[in-house]
Amino acid sequence: MASRNTFQLGEFVGIARKTGTDTRLVEVKEAAGGLPKSIAETVSAFANGSGGVIVCGLSEKNGFAPAPGFDAARVSDALAQACADRVEPPVRAEITLEEFEGSPVVWAYIPEMDPYLKPCYVKSRTMLDGAFVRMADGDHRLNRYEVSRIVEGQHQPEHDRRVVEGAALHHLDPLMVEGFLKRVRSESAPAIKSLGDEDLLCAMGVAIRDEAGGLLPTVAGIMALGVFPQQFFPAANVTFLLVPGFSKADVAPGRERFVDSKNFDGSIPYMVCEAMARIRRNMRTASRVEGAFRYEVPEYPEVAVREALVNALVHRDYSPEGLGSQVQVNMYEDRLEIMNPGGLFGTMTIDKLGKLGESSRRNRTLARILEFTAYPQNYAEQGFVVENKGTGYYQIQSSLAQASMSPPVPQDVISSFVLTMKRRQELVPDRFARGGAGASGDRGASGGTGAGACAGKGDQGEWSGGQSGCPGECGGVRDGRAGRPADGSSGQGCLQSDRDVRAGARHVPFRSRTEYAIIEFMAQEEGPVGASRIAAAVGKSKATVNRAINSLLNSGSIERLGGARGPGVSYRLAR
């Protein structure tokens, strides 16, 4: 992440020249004739996000070389004035004048604005028309929904305490309500225990009395204890997708778009149980040997997955606008993503996630109810849905660390929050490693979930945990010799061909099938190739190929020849 203390101008320019563009956290302005009019939009965008750096005095079109005619002193003063006078609230930028390749360059660190002061917007416009956020490498105007979510963070919302129109007491599950009341009474003070059932439901926010004295369920009550909440909120459910690739856009022609898909309805406890059952069904295991013992480890720790799913359902946006979107669970070849509508709330930021004592709840009433709500019987989940002690994200981090896996990757974009868990390394398809122990192949389009391995070990593929080799359609090239099962049983391994070995002698993480296809195509070519030819060969649009090329340049998998951009640019495998 770019910050005042970590940003290095020379390091950034090196990356920018490789990729041909600036980044989500760094914006380059040539500013040879003075600051552009759009500078206030960029300041607003960085202040509303996680901060960023504005660099003035470099020419992007000329390969990020120093811009001729750049007046550093004049631009520095104008940038400070823009941050102070052209946005509301004003931004206190830290501006630095630095020499680069013999010429002066001005760069400014724009800090993230305190949540209670957001949104930062361009003063000459209204808040609804002049607030921006940084996405990819551009500034995008916030829509009405996003502005509303930011403003909402300045105070405690009560969307989960709203009465559900058309709902009545009989729309709550009587068995769940009975267990809930029993739990509340067993853990509460004597004064609470003495309340009647209806008064206790009202005290806990499950329901509200109408003018006639009848009980009307709240959003929190319906979502936690309702028989069928989707009767009132059709999109307040969980969707699950198992994608046979690295992105939804990179599924090969003729293959199924999704290996498995399912929508889960019901109250939050039931949705968690049903979704977890489906995730377990599609998770594979790897064999790990420690000393004299061999044991099976799952693709993702169940504790981490369950906690992430519960967090998504508890902290999602239950405003009328937010209830139009589902919680999504997407399982790819290399990762598991859980997304919920509504970004982080209040004072909570990415940096604070997982730190004990740091907690900010958008839906306090719902979280409180779920603390006393048990999972239904006959499911693997046991106990109560929420601890409500602010330790959910810490548990996710801890369980992944105990499993020797990568930490979770959070992404907060105001209108949504995405938590990504990287697949256990020994189960990630490794088509480009030579000499490393093989682990697991791709999930096939047929829906098989065995754990046959595709990665090579020397000249022979070695796999463990599966009974029938590689399931479904393997992403590995199958023109090598048969693999040797690690446990001595029969099976057909999937090995690298010479072409795969040429594609890279070290492990490289590929994020999409497009990247893999580009590497495979370039490995067959004798010399450098241009982007247009690559796009035609892999059957993807120029924009998709350019994104993949930039990613491969960043990872060091390929090299650019012939300048930063233009018709003479070509690419080859890194040497």
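No hydrogens, no waters, no symmetry mates; every other heavy atom, side chains included, goes into these values. Start at 1 with the first residue, then count along the sequence.
- Distance CE/M421 to OG/S399: 7.0 Å, rounded to 0.5 Å.
- By the side chain to side chain contact (heavy atoms under 4.5 Å, CB included) test, V133 is found to be paired with M135, L142, I414, residues two or more places apart in sequence or in another chain being considered.
- In this structure, E274 does not pair ionically with K262, as no charged nitrogen and carboxylate oxygen lie closer than 4.0 Å.
- Using a distance-only test at 3.5 Å, with no hydrogens or angles considered, a donor-acceptor pair links the side chain of N363 to the main chain of R316.
- Residues meeting the side chain to side chain donor-acceptor pair (under 3.5 Å) test with N554, sequence neighbours left out: none.
- With sequence neighbours left out, the side chain to side chain donor-acceptor pair (under 3.5 Å) criterion links Q156 to no other residue.
- Residues passing the side chain to side chain contact (heavy atoms under 4.5 Å, CB included) test with L216, sequence neighbours excluded: V163, D210.
- Between E299 and R423 there is a salt bridge, since a side-chain N of the basic residue sits under 4.0 Å from a carboxylate O of the acidic one.
- Side-chain atoms of R162 come within 3.5 Å of backbone atoms of Y318 as a donor-acceptor pair (strictly under, hydrogens ignored).
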Taking only distance into account, with no hydrogens and no angle test, what donor-acceptor pairs under 3.5 Å do side-chain atoms of residues 222-233 form with protein atoms, sequence neighbours excluded?
| from | atom 1 | to | atom 2 | distance (Å) |
| --- | --- | --- | --- | --- |
| Q230 | OE1 | G266 | N | 2.7 |
| Q230 | NE2 | A236 | O | 2.8 |
| Q230 | NE2 | G266 | O | 3.3 |

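- Here OH of Y393 is found 5.0 Å from CG of L353. Values are rounded to the nearest 0.5 Å.
- Identified under the salt bridge (Lys or Arg N to Asp or Glu O under 4.0 Å) test for residues 175-184, with sequence neighbours left out: R183-E187.
- Under the side chain to side chain contact (heavy atoms under 4.5 Å, CB included) criterion, S319 pairs with Y145, R149, H159, D317, E321, sequence neighbours left out.
- Residue pairs meeting the salt bridge (Lys or Arg N to Asp or Glu O under 4.0 Å) criterion with at least one partner in residues 337-347, sequence neighbours excluded, are R335-E337.
- Applying the side chain to side chain donor-acceptor pair (under 3.5 Å) test to R280 and every residue at least two apart in sequence or in another chain returns E302, E381.
- Judged as a side chain to side chain contact (heavy atoms under 4.5 Å, CB included), and not counting sequence neighbours, the contacts of R161 are E158, T365.
- When atom types are taken as modelled, the side chain of T373 and the backbone of I369 share a donor-acceptor pair closer than 3.5 angstrom.
- The side chain to side chain donor-acceptor pair (under 3.5 Å) search around D197 returns R185, not counting sequence neighbours.
- The salt bridge (Lys or Arg N to Asp or Glu O under 4.0 Å) pairs that include a residue from residues 392-406 number zero, where partners must be two or more places apart or lie in different chains.
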